[in-house]
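Below is one structure, written out as structure tokens; the observations come after it.
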Amino acid sequence: IRQAVDASLQRLQTDYIDLYQAHQDDASVPLADTLGAFTELIEQGKVRVIGASNYQADRLEEALKVSKAHNLARYESLQPNYNLIDRHDYEQALEPLIRREQIGVITYYSLASGFLTGKYRSEADLAKSAARGSRVKKYLGECGRRVLAALDEVAAAHGATPAQVALAWLIARPGITAPIASATGVAQLEELIGAAKLALSGEEIAALDRASA
């Protein structure tokens, strides 16, 4: 961890990292050791806050207990896979924990590898992207069709795009700090930014919830 941070600081040409995230939980290393290394980096001023990515609820809860018991830095943010169609794993166990512990949440795959943009609606559409086609295929079922239909309806009412609505749903979700979404060009970036200005009604959020339940 120490070597990785020093290498990152060199590459970034900066004195400190605002948020340093443990990308994957390494169960072979005691949590006290991992969190102890992070604490040293914070004390040295190289890192300000630490976060966890791809952590299961039981391990995240254990990490928080270790931090408290040993007076170590704690994970202040979580980066989970969460979006309008991938809801179960996060909502079932992680969401109650992060809301209780007041942990920030920045979601990845916020647009389900592009599926929630409406770009992929049939098997034929999978050929539009060699990289994403295989990941999106699992969404081409009844639930996926319901979600896209609901997105289309809400988007039409606002003069927005399905991607903007999908991100606005995440932004409105209790406990979510911000969604992560990647852009491949300026036009796409401007589209995604538009989600921050889109206010969904309670009825629209409920309709999207039902479609993706």
Side-chain angles (χ1 to χ4, degrees), residues 8 11-14 17-21 23 48-49 51 53-54 76-87 90-91 95 98 103-140 143-212:
S8 292
R11 288 193 302 271
L12 294 168
Q13 297 182 14
T14 187
I17 296 167
D18 289 294
L19 172 62
Y20 195 78
Q21 297 190 112
H23 182 69
R48 289 192 168 179
V49 176
S53 180
N54 298 306
E76 299 292 354
S77 70
L78 174 69
Q79 182 178 305
N81 173 17
Y82 183 55
N83 55 60
L84 188 56
I85 199 165
D86 288 317
R87 296 177 55 185
Y90 170 76
E91 292 181 13
E95 185 177 47
I98 64 96
I103 294 173
V105 178
I106 46 178
T107 60
Y108 72 86
Y109 283 165
S110 301
L111 293 173
S113 298
F115 176 76
L116 297 175
T117 66
K119 180 179 178 180
Y120 307 96
R121 296 175 183 265
S122 68
E123 292 271 352
D125 291 333
L126 300 180
K128 292 178 180 178
S129 172
R132 291 184 171 184
S134 59
R135 294 203 299 265
V136 172
K137 186 176 182 179
K138 63 182 178 181
Y139 301 124
L140 296 177
C143 180
R145 288 191 293 271
R146 283 200 316 269
V147 169
L148 289 181
L151 285 172
D152 288 341
E153 185 174 345
V154 175
H158 287 271
T161 65
Q164 289 173 330
V165 174
L167 294 177
W169 177 87
L170 276 172
I171 292 170
R173 182 84 188 174
I176 300 298
T177 307
I180 299 170
S182 57
T184 55
V186 175
Q188 195 175 69
L189 175 62
E190 290 173 346
E191 176 193 357
L192 299 180
I193 289 173
K197 304 173 184 176
L198 181 59
L200 302 180
S201 69
E203 291 80 4
E204 289 168 335
I205 291 173
L208 292 166
D209 285 346
R210 288 192 300 270
S212 61

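Here, residue 1 is the first one in the sequence, and each next residue gets the next number.
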May I ask you to test the [X]-[Y] pair for a side-chain heavy-atom distance under 4.5 Å?
X: Asp209; Y: Arg87; result: yes
X: Asp152; Y: Pro162; result: yes
X: His158; Y: Leu198; result: yes

Rounded to the nearest 0.5 Å, how far does [atom2] of [Y] lie from [atom1] of [X]?
X: Leu78; Y: Ser53; atom1: CG; atom2: OG; result: 7.5 Å
X: Lys138; Y: Asp86; atom1: NZ; atom2: CG; result: 5.5 Å
X: Tyr139; Y: Ser113; atom1: OH; atom2: OG; result: 5.5 Å
X: Ile106; Y: Leu170; atom1: CD1; atom2: CG; result: 12.5 Å
X: Asn81; Y: Thr107; atom1: CG; atom2: OG1; result: 9.0 Å
X: Phe115; Y: Leu140; atom1: CZ; atom2: CG; result: 6.0 Å

Q | Sidechain N-carboxylate O distance under 4.0 Å for Glu91, Arg173 | A | yes
For [Y], is there any backbone N or O sitting under 3.5 Å from a side-chain donor or acceptor partner on [X]?
X: Asn83; Y: Leu111; result: no
X: Ser212; Y: Ile85; result: no
X: Gln164; Y: Glu191; result: yes
X: Thr177; Y: Val105; result: yes

**OP:** Verify side chain to side chain contact (heavy atoms under 4.5 Å, CB included) between Leu208 and Ile205, making sure each step is shown before the conclusion.
**Re:** CA-CA 5 Å; Leu208 292 166; Ile205 291 173; 5.5 Å; no
Minimum heavy-atom separation for [X] to [Y], with atom names?
X: Ala183; Y: Leu192; result: CB-CD1, 4.1 Å
X: Ser110; Y: Pro179; result: OG-CB, 3.5 Å
X: Ala195; Y: Ile171; result: O-CD1, 4.0 Å
X: Val147; Y: Ala211; result: CG2-O, 3.8 Å
X: Trp169; Y: Leu200; result: N-CD1, 3.7 Å
X: Tyr108; Y: Gln79; result: CE2-O, 3.6 Å

Glu153, CD atom: more than 12 neighbouring heavy atoms under 6.0 Å: no
